[in-house]
Amino acid sequence: MPDLEFQKRLPSLKRIIQITVMNNKSSATANPHIQEIVIPHTYLEALLGFELYLYSAPLFIYFYDPNQNSELYSWYETYDGTYHHWWVKLPQISADSSYSIYMIYDSSQIQLDGDYVGISPDFAYYINNIVDSYGQYDNGTNVFYYYWNFSGTSLPSGFSTYGSVSVNNKLILSVNNSWAYIYASISSLPSTGIMSRVHWMALSNTGEIKNFWGYGVTGSSTLDNYYGYYLIDQSAGSVLLSYAKAGWYSIASTGWSESLYTYYMSTGYWYGNYLMTKVFGMLTGSPNITLGPVYNTTYSLSQVQQHALSWQSGTSSTMYAFVYAIMDAPPNGIMPTYLFKPIS
């Protein structure tokens, strides 16, 4: 834990901020719905009414549902230098309606408990040393539909491997002009669609990280045989890719469909902290080259039976993955908006 002596010298503070989450789409969210909450640090300070030490956000903030009189599961993802990022597990939000919750800052005791209030393992351990061990206070399994942080030295239960794969408080995929990936069966996906989020880092300037969704795959079918079309919103910078919006299709009635791709365009250590793919079903026929979610009538989301996370490079290359989370896609692929209002 960071040094909190400064906090002990201050009187205990408690502030309650109402967050109204607005689903202005004509369809309801999934149940449950995993909502992203992003707030600038300076705006959070203004809402709270005092200067906020950066570590205080994940340590002393929790979320509460006044409609159910219960605490909500929340996962602090990162502070990116400007914004704090949380994911909060909410009940279904009906079409064209809103749902109000509370963000509560309470410094009378540390709220981070790894149960209702959690933190991403890479941000907490590798980046900021907030915790004593990798995965401590990580409650991603309580928040997301599916979640893995690759703690320890063994692959999570249910996964199989292809190529050079190891685990040491991160997933390690090593290649040399080849593929390496993990894959597993998956079921009980939300009917609204699925999104995946991957925290990863590459140790070379060339490579491709991909998230695949499979239908009727048996054994370690080579992913090369099931390429999908990909179109990605890329930009240069210290974080190469913010949100991946992929149009894609299946080239076979069974096999893998690709939905996430990125290519390193510069040398150095890139940290792909905000990769996201939006998957709404499986397409056949001509590729859809429009950015954004894609729909189909040929295959339904319920037919997705496998998923895979892969790394490919034409040279000797290694990729680390710290977090792999799967959640519901919001209505029409657009996360509900929200408003903040301090109430005490």
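These values consider heavy atoms only, across backbone and side chains, with no hydrogens, waters or symmetry-generated copies.
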### Message
Before you tell me yes or no, could you show the steps for M103 and L44 under side-chain contact (heavy atoms from CB on, under 4.5 Å), namely the whole-Å CA-CA distance, both residues' side-chain angles and the distance that decides it to 0.1 Å?
### Response
CA-CA 11 Å; M103 169 190 277; L44 180 57; 3.9 Å; yes
Under a 3.5 Å distance rule, please check whether [X] uses its side chain to pair with a backbone N or O of [Y] as donor and acceptor.
X	Y	value
H41	L52	yes
N142	D115	yes
Q111	D106	yes
E45	E51	no

At their closest point, which heavy atom of [X] faces which heavy atom of [Y], and how far apart are they?
X	Y	result
A28	P331	O-CG, 3.6 Å
E71	F63	CG-O, 3.3 Å
G135	P121	N-CB, 3.8 Å
V167	G152	CG1-O, 3.5 Å
D138	G140	OD1-N, 3.0 Å
L59	Y55	CG-O, 3.2 Å

#### Entry: Worked verdict on Y320 versus L173 for side-chain contact (heavy atoms from CB on, under 4.5 Å)
CA-CA 7 Å; Y320 296 156; L173 302 180; over 6 Å; no
Is any side-chain heavy atom of [X] less than 4.5 Å from a side-chain heavy atom of [Y]?
X	Y	result
I19	V88	no
Y102	Q18	yes
L171	L309	yes
T29	L90	no
Y64	N69	yes
I17	Y105	no
Y99	H33	no

Solution key, residues 334-344 side-chain donor-acceptor pairs under 3.5 Å, sequence neighbours excluded:
from: Y338; atom 1: OH; to: V38; atom 2: N; distance (Å): 2.8
from: Y338; atom 1: OH; to: V38; atom 2: O; distance (Å): 3.2

From [X] [atom1] over to [Y] [atom2], what is the distance, rounded to the nearest 0.5 angstrom?
X	Y	atom1	atom2	answer
S100	M22	OG	CE	9.0 Å
S107	Y53	OG	OH	14.5 Å
W87	F144	CH2	CZ	6.5 Å
F322	S120	CZ	OG	10.5 Å
S74	I34	OG	CD1	11.5 Å
D65	L72	CG	CG	5.0 Å

### Task
Can you spot which of F123, Y137, F60 makes a ring-ring contact (aromatic ring centres under 6.0 Å, His included) with Y76?
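Answer to the ring-ring contact (aromatic ring centres under 6.0 Å, His included) test with Y76 among F123, Y137, F60: F123.
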### Task
Please list all pairs passing the side-chain hydrogen bond (donor to acceptor under 3.5 Å, both in side chains) test where one or both residues lie in residues 164-176, with sequence neighbours left out.
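The answer is S174-T318.
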#### Entry: L48 vs L13, side-chain contact (heavy atoms from CB on, under 4.5 Å): CA-CA, chis, key distance, verdict
CA-CA 10 Å; L48 294 172; L13 297 171; over 6 Å; no
Specify whether [X] and [Y] have parallel, tilted or perpendicular ring planes, treating 30° as the upper limit for parallel and 60° as the lower limit for perpendicular.
X	Y	answer
Y146	W148	parallel
W75	Y147	perpendicular
Y73	Y116	parallel

### Task
Evaluate the side-chain contact (heavy atoms from CB on, under 4.5 Å) criterion for residues W86 and I61: first the C-alpha distance (whole Å), next the side-chain angles of each, then the deciding distance (0.1 Å), finally the verdict.
CA-CA 10 Å; W86 280 274; I61 287 178; 3.9 Å; yes
### Query
Step by step, would you call D113 with Y62 a side chain to side chain donor-acceptor pair (under 3.5 Å)?
CA-CA 10 Å; D113 59 8; Y62 66 97; over 6 Å; no
### Query
How about N149 and Y134: does a side-chain donor come under 3.5 Å of a side-chain acceptor?
no
